[in-house]
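Okay, structure first, notes after.
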There are 2 protein chains.
Amino acid sequence: MDREWNDSQPIYRQLRDRVVAMILDGVLKEGDPLPSVRNVATEYRVNPLTVLKGYQQLVDEGLVETRRGRGMFINVGARSLLLQGERQKFLGEEWPRVYATIQRLGLRAEELLDGATSRSSSDAAQAKTDKSNAPEEEN
Amino acid sequence: MDREWNDSQPIYRQLRDRVVAMILDGVLKEGDPLPSVRNVATEYRVNPLTVLKGYQQLVDEGLVETRRGRGMFINVGARSLLLQGERQKFLGEEWPRVYATIQRLGLRAEELLDGATSRSSSDAAQAKTDKSNAPEEEN
DNA sequence: TTTGCTGTTATAGCTAACTATAACACTACT
DNA sequence: AGTAGTGTTATAGTTAGCTATAACAGCAAA
């Protein structure tokens, strides 16, 4: 697990996303306790309040339950709830945006979706189709 | 062009991204003036300073040039500069994250490729392959 | 009962992002 | 000269995100 943060999104949301990922990946199973607020805060060198804020979001989404004095626990049904919701969110919001970017950059989605994980990033997946984007200097 | 903003990123960055998209799409060509700070501010009902901040970013990236009293203009070479830089950024930062999400959600290439832009977002695309993500209750 | 772990609340302060309003400085057209 | 269009700077206030520090409250095991 990374110990670093992305400046493109608030920490508490990234934290929420990490827990979600862990649930989807089966690292955290239903009934399991979340790593404690204080532990996470210390380990990632972040303020406890920030962690709490991320966790509270999970509570609000019905994924996690608080037991006073004991900790926070993953609810039953959390995973399937997530699979539904996150898929919808991804397909409805993120993917269209990403797909547009892929086309804009003249990359090809199929290639990216195949091997994908490691791609040198230099001139990777060059654009055969430079469609509709003719520079066409005209001054 | 949308008139709305995304709460997941600051407006000035979204603004910068939109101009970048317009350059890549050929809507704005090299030598063309950007829509004026005041116009954009009015049209999108945003503070001029916010627009300026987005535009300044483009200047800092060497994509755009300021001509006092006249406006801001797209530099020659802007587009190819962008194709390089944005591809690298996308493949190196955004795509790995997105790809991980896709796998996590058990989505399949076909589903992403056919509808792509338009996806109703209802219960779209169930995952036949629930690979490696066995819930396996054990409490 | 004490110790040690949970989540939670209270104060207080900093910075980034955004806002409103106004003025300044340069260029071009009339 | 005047007007209207550029970008830019100045002041000042709000909100969200994050921080440090400290205390409160519930639970469980020694």
Side-chain angles (χ1 to χ4, degrees), chain A residues 2-19 22-23 28-75 78 139, chain B residues 2-19 22-23 28-75 78 139:
Chain A
D2 300 338
R3 231 140 293 255
E4 265 121 47
W5 305 106
N6 198 332
D7 67 330
S8 75
Q9 225 170 356
I11 293 177
Y12 76 93
R13 250 188 264 179
Q14 293 180 53
L15 244 151
R16 178 264 178 202
D17 288 344
R18 287 195 190 175
V19 175
M22 286 195 290
I23 294 175
L28 288 177
K29 306 216 166 86
E30 319 197 329
D32 284 357
L34 297 187
S36 89
V37 170
R38 282 186 180 83
N39 274 356
V40 174
T42 307
E43 186 167 358
Y44 295 96
R45 296 195 301 184
V46 144
N47 194 285
L49 289 181
T50 305
V51 180
L52 187 62
K53 192 166 182 180
Y55 277 14
Q56 281 298 357
Q57 207 142 95
L58 296 166
V59 173
D60 295 343
E61 292 177 70
L63 298 167
V64 153
E65 179 195 35
T66 280
R67 297 194 204 138
R68 305 182 116 210
R70 307 229 274 124
M72 303 184 74
F73 299 80
I74 301 181
N75 281 335
N139 31 339
Chain B
D2 301 337
R3 230 139 295 254
E4 265 123 47
W5 305 105
N6 198 333
D7 69 330
S8 74
Q9 223 169 357
I11 293 178
Y12 75 93
R13 251 188 263 178
Q14 294 180 53
L15 243 152
R16 178 264 178 201
D17 288 343
R18 287 198 189 173
V19 175
M22 287 195 289
I23 294 175
L28 288 176
K29 305 217 168 87
E30 320 197 329
D32 284 358
L34 297 187
S36 89
V37 169
R38 282 186 180 80
N39 273 357
V40 175
T42 307
E43 186 166 357
Y44 295 95
R45 296 196 297 185
V46 146
N47 195 285
L49 289 181
T50 305
V51 180
L52 186 62
K53 192 167 181 180
Y55 277 15
Q56 282 298 356
Q57 207 144 97
L58 296 166
V59 173
D60 295 342
E61 293 178 69
L63 297 168
V64 153
E65 178 195 36
T66 280
R67 299 194 200 137
R68 306 182 116 208
R70 308 229 272 124
M72 304 183 74
F73 298 81
I74 300 181
N75 281 335
N139 36 333

Is there a donor-acceptor contact under 3.5 Å from the side chain of A:Gln9 to the main chain of B:Ser8? no

Distance check: side-chain N/O of B:Asn39 vs OP1/OP2 of D:dG5, anything under 4.0 Å? no

Test your reading of the model: is there a side-chain donor-acceptor pair from A:Asp32 to the backbone of A:Lys29, 3.5 Å cut-off? yes

Options C:dT8, D:dT19, C:dT27, nucleotide nearest the side-chain atoms of A:Asn47: D:dT19

Test side chain to side chain contact (heavy atoms under 4.5 Å, CB included) on A:Leu63 and A:Ile74; report intermediate values, then the result. CA-CA 6 Å; A:Leu63 298 167; A:Ile74 301 181; over 6 Å; no

A:Thr66 side chain: which of D:dG7, C:dA17, C:dT8 is closest? C:dT8

Which one, C:dT8, D:dT19, D:dG7, comes nearest to the side chain of A:Val37? C:dT8

Would you say the side-chain atoms of B:Gln57 pair up with the backbone N or O of B:Arg16, donor to acceptor, closer than 3.5 Å? no

Which sits closer to the 5' end of DNA chain D, A:Arg45 or A:Arg67, going by the nucleotide each is nearest to? A:Arg45

May I ask you to check if A:Arg18 and A:Trp5 form a cation-pi contact, with NZ or CZ under 6.0 angstrom from the six-membered ring centre and within 45° of the axis? yes

Interatomic distance where CG belongs to A:Leu15 and P belongs to D:dG17 [whole Å]: 14 Å

So what does A:Asp7 hit on the nucleic acid, given a heavy-atom distance under 4.0 Å: a base, only sugar-phosphate, or nothing? nothing

Pick base, sugar-phosphate or nothing for B:Thr50, based on heavy-atom distances below 4.0 Å to the nucleic acid. base

Is a donor-acceptor contact shorter than 3.5 angstrom present between the side chain of B:Arg38 and the base of D:dG7? yes

Starting from C1' on C:dA20, measure out to CG on B:Leu52 and report it in whole angstrom. 16 Å

Would you indicate which nucleotide in D:dC18, D:dA20, C:dA20 comes nearest to any side-chain atom of B:Leu49? C:dA20

Between P of C:dG7 and NZ of A:Lys53, the distance in whole Å: 18 Å

Nearest whole Å is fine: how far is C:dG7 P from A:Leu58 CG? 13 Å

From the set C:dT8, D:dG17, D:dT8, return the single nucleotide nearest to any side-chain atom of A:Gln56. C:dT8

Test B:Val51 against B:Tyr44 for side chain to side chain contact (heavy atoms under 4.5 Å, CB included), laying out the working first. CA-CA 10 Å; B:Val51 180; B:Tyr44 295 95; over 6 Å; no

For A:Tyr12, report the nucleic acid contact type (base, sugar-phosphate, nothing); a contact means any heavy atom under 4.0 Å. sugar-phosphate

Expressed as a whole number of angstroms, how long is the span from B:Arg70:CZ to C:dC29:C1'? 13 Å

A:Glu65 CD to C:dT8 P: how many Å, rounded? 12 Å

What nucleotide among C:dA17, D:dT8, D:dC18 has an atom nearest to a side-chain atom of B:Met72? D:dT8

Heavy-atom nearest nucleotide on DNA chain D for A:Ile11 versus A:Gly69: which residue maps closer to 5'? A:Ile11

Whole-Å gap separating P (D:dG17) and CD (A:Gln9): 11 Å

Verify the contact: side-chain N or O of B:Arg68 to OP1 or OP2 of D:dT8, cut-off strictly under 4.0 Å; return yes or no. no

What is the separation between atom OH on A:Tyr55 and atom C1' on C:dT6, rounded to the nearest whole Å? 12 Å

